[in-house]
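For clarity, every value in this text was computed on a predicted model and none was experimentally measured. Just so it is clear, the values below take in all heavy atoms, side chains as well, and ignore hydrogens, waters and symmetry mates. FYI, the numbering just counts along the sequence from 1.
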Amino acid sequence: NSSGTAFGALLTFSTATGGPTVTTAAASSITATTATLNGSANPNGEATTGWFRYSTTSPGTCNDSFGTRAPASGGSVLGSGTSPVSYSQGIAGLFPLTTYYYCAIAQNSSDVGFGAVLSFTTNSEAPTVTTAAATAVTSATATLNGSGNPNGDATTGWFRYSTLSPGTCNDSFGTRAPASGGSALGAGGLAVPYSEPISGLAASTTYYFCAIAGNSNGTGFGALTSFSTGPTVVTFATVAD
């Protein structure tokens, strides 16, 4: 003022370190039902924890309320440094041939940081196979029946049968029907019935069989079941006295 200038004591303050800087990375180890989510975060000098969110519906921008949290609680400990730290989280129970949206998230005492929303699509999988009852059974012939869900990949179906039970279905016991190739079941997502007639069977005999289907992702096996052929019937002519 007009009498002079007065000075207060010198004090100090420090700016906050700020929330983590987060980057979402490409998913890896993708199968039909599992994947690994990846990301990184710079803790910016504060103890930081990282996690992910994912969903089959895009949230538009990353947030900590959409879809499923991975892990369900807690997360990866990223330390309190000043350089990006990579972290990952495996997820399971996914649906084949489905697009998932996800993002990396990290938090420290200052704030929450969000990575960009990315996506991945799960793979197709081995066929799902069901063995059905045999039909048109005679003393020497039968028709084997089954169905296979291709689960999104071009699939072929066939059967195995034998008079000896293999215990469980496999692709090495007994006789293959047909001997090579099989029924083309397409590449859809629904069960497709298929059948194969067989002949040259022994009369009054129990046969064990199962349906099998394969695609580029593997081979699926139906349950082992059985049928019995009928007896041989001989007709004799009646001779008059």
- Which value, rounded to the nearest 0.5 Å, describes the distance between Leu144 atom CG and Cys210 atom SG? 9.5 Å
- Note on the structure: Here the gap from Asn44 atom CG to Asp111 atom CG, rounded to the nearest 0.5 Å, amounts to 10.5 Å
- Task: Hey, could you give me each pair passing salt bridge (Lys or Arg N to Asp or Glu O under 4.0 Å) that has a residue in residues 168-188? Not counting sequence neighbours.
- Result: Arg160-Asp171
- Task: Could you pull out the closest heavy-atom pair between Ala211 and Val129, with the gap in Å?
- Result: O-CG1, 3.4 Å
- Does the side chain of Val117 reach to within under 4.5 Å of the side chain of Pro59, using non-hydrogen atoms? yes
- Item | Sequence-distant partners of Thr82, side chain to side chain donor-acceptor pair (under 3.5 Å), two or more places apart | none
- Can you name the closest pair of heavy atoms from Ser162 and Leu164 and give their distance? OG-N, 3.0 Å
- Message: With a 4.5 Å cut-off on side-chain heavy-atom distances among I, L, V, M, F, W and Y, is there a chain of contacts connecting Ile198 to Leu224?
- Response: no
- Task: For the pair Thr131 (side chain) and Ala223 (backbone), establish whether a donor and an acceptor sit closer than 3.5 Å, ignoring hydrogens and angles.
- Result: yes
- Message: Using only atom types and a distance under 3.5 Å, with no angle test, would you say the side chain of Asp153 pairs donor to acceptor with the backbone of Ala187?
- Response: no
Please output the side-chain donor-acceptor pairs of residues 92-99 that fall under 3.5 Å, not counting sequence neighbours, one pair per line with the distance.
{"unit_1": "Thr98", "atom_1": "OG1", "unit_2": "Phe95", "atom_2": "O", "d": "3.3"}
{"unit_1": "Thr98", "atom_1": "OG1", "unit_2": "Pro96", "atom_2": "O", "d": "3.0"}
{"unit_1": "Thr99", "atom_1": "OG1", "unit_2": "Thr121", "atom_2": "OG1", "d": "2.9"}

- Query: Looking only at heavy atoms, what is the nearest atom pair of Thr122 and Tyr100, with distance?
  - Reply: CG2-CE1, 4.0 Å
- Note on the structure: Distance col, row Asn38:CG vs Leu118:CG, nearest 0.5 angstrom, shows 10.5 Å
- Query: Do you see a donor-acceptor pair shorter than 3.5 Å between the side chains of Ser110 and Glu46?
  - Reply: yes
- How long is the span from the OG1 atom in Thr135 to the CG atom in Asn145, to the nearest 0.5 Å? 4.0 Å
- Item | Heavy-atom pair of closest approach, residues Gly115 and Cys103 | O-CB, 3.9 Å
- Cluster link Ile91 to Trp51, ILVMFWY, side chain under 4.5 Å: no
- Closest non-hydrogen atom pair between Tyr194 and Gly157, with its separation: CE1-C, 3.4 Å
- Message: If we ignore hydrogens and angles and just use 3.5 Å, is the side chain of Asn149 paired with the main-chain N or O of Val192 as donor and acceptor?
- Response: no
- Query: Would Phe221 end up clustered with Tyr161 when hydrophobic side chains under 4.5 Å apart are linked, directly or stepwise?
  - Reply: no
- Task: Indicate yes or no: at least one non-hydrogen side-chain atom of Cys169 is less than 4.5 angstrom from one of Ile212.
- Result: yes
- With rounding to the nearest 0.5 Å, note down the distance linking CZ in Phe227 to OG1 in Thr205. 9.5 Å
- I would like to know whether Ser139 and Thr229 meet side chain to side chain donor-acceptor pair (under 3.5 Å); could you show each step before the answer? CA-CA 5 Å; Ser139 60; Thr229 54; over 6 Å; no
- Side-chain donor-acceptor contact under 3.5 Å, Thr156 with Asn215: no
- Item | Derivation of the side chain to side chain contact (heavy atoms under 4.5 Å, CB included) call for Tyr87 and Val85 | CA-CA 7 Å; Tyr87 61 106; Val85 179; 5.8 Å; no
- So if you build clusters from Ile, Leu, Val, Met, Phe, Trp, Tyr with side-chain heavy-atom gaps below 4.5 Å, do Leu78 and Val22 land together? yes
- Message: If I take atom CD1 from residue Ile105 and atom OG1 from residue Thr49, how far apart are they, to the nearest 0.5 angstrom?
- Response: 12.5 Å
- Between Ser80 and Pro43 the two heavy atoms that sit nearest each other are CA-CB, 3.9 Å
- Message: Before you tell me yes or no, could you show the steps for Tyr207 and Thr225 under side chain to side chain contact (heavy atoms under 4.5 Å, CB included), namely the whole-Å CA-CA distance, both residues' side-chain angles and the distance that decides it to 0.1 Å?
- Response: CA-CA 8 Å; Tyr207 284 84; Thr225 188; over 6 Å; no
- Query: Going by the angle between their ring planes, with limits at 30° and 60°, are Phe209 and Phe159 parallel, tilted or perpendicular?
  - Reply: tilted
- Query: Taking the six-membered ring where the residue is Trp, are the ring centres of Phe173 and Tyr208 under 6.0 Å apart?
  - Reply: no
- Item | Flag for Asn151-Ser124: side-chain donor and acceptor within less than 3.5 Å | no
- Task: Step by step, work out the ring-ring contact (aromatic ring centres under 6.0 Å, His included) result for Tyr102 and Phe120.
- Result: CA-CA 8 Å; Tyr102 71 101; Phe120 66 91; 5.8 Å; yes
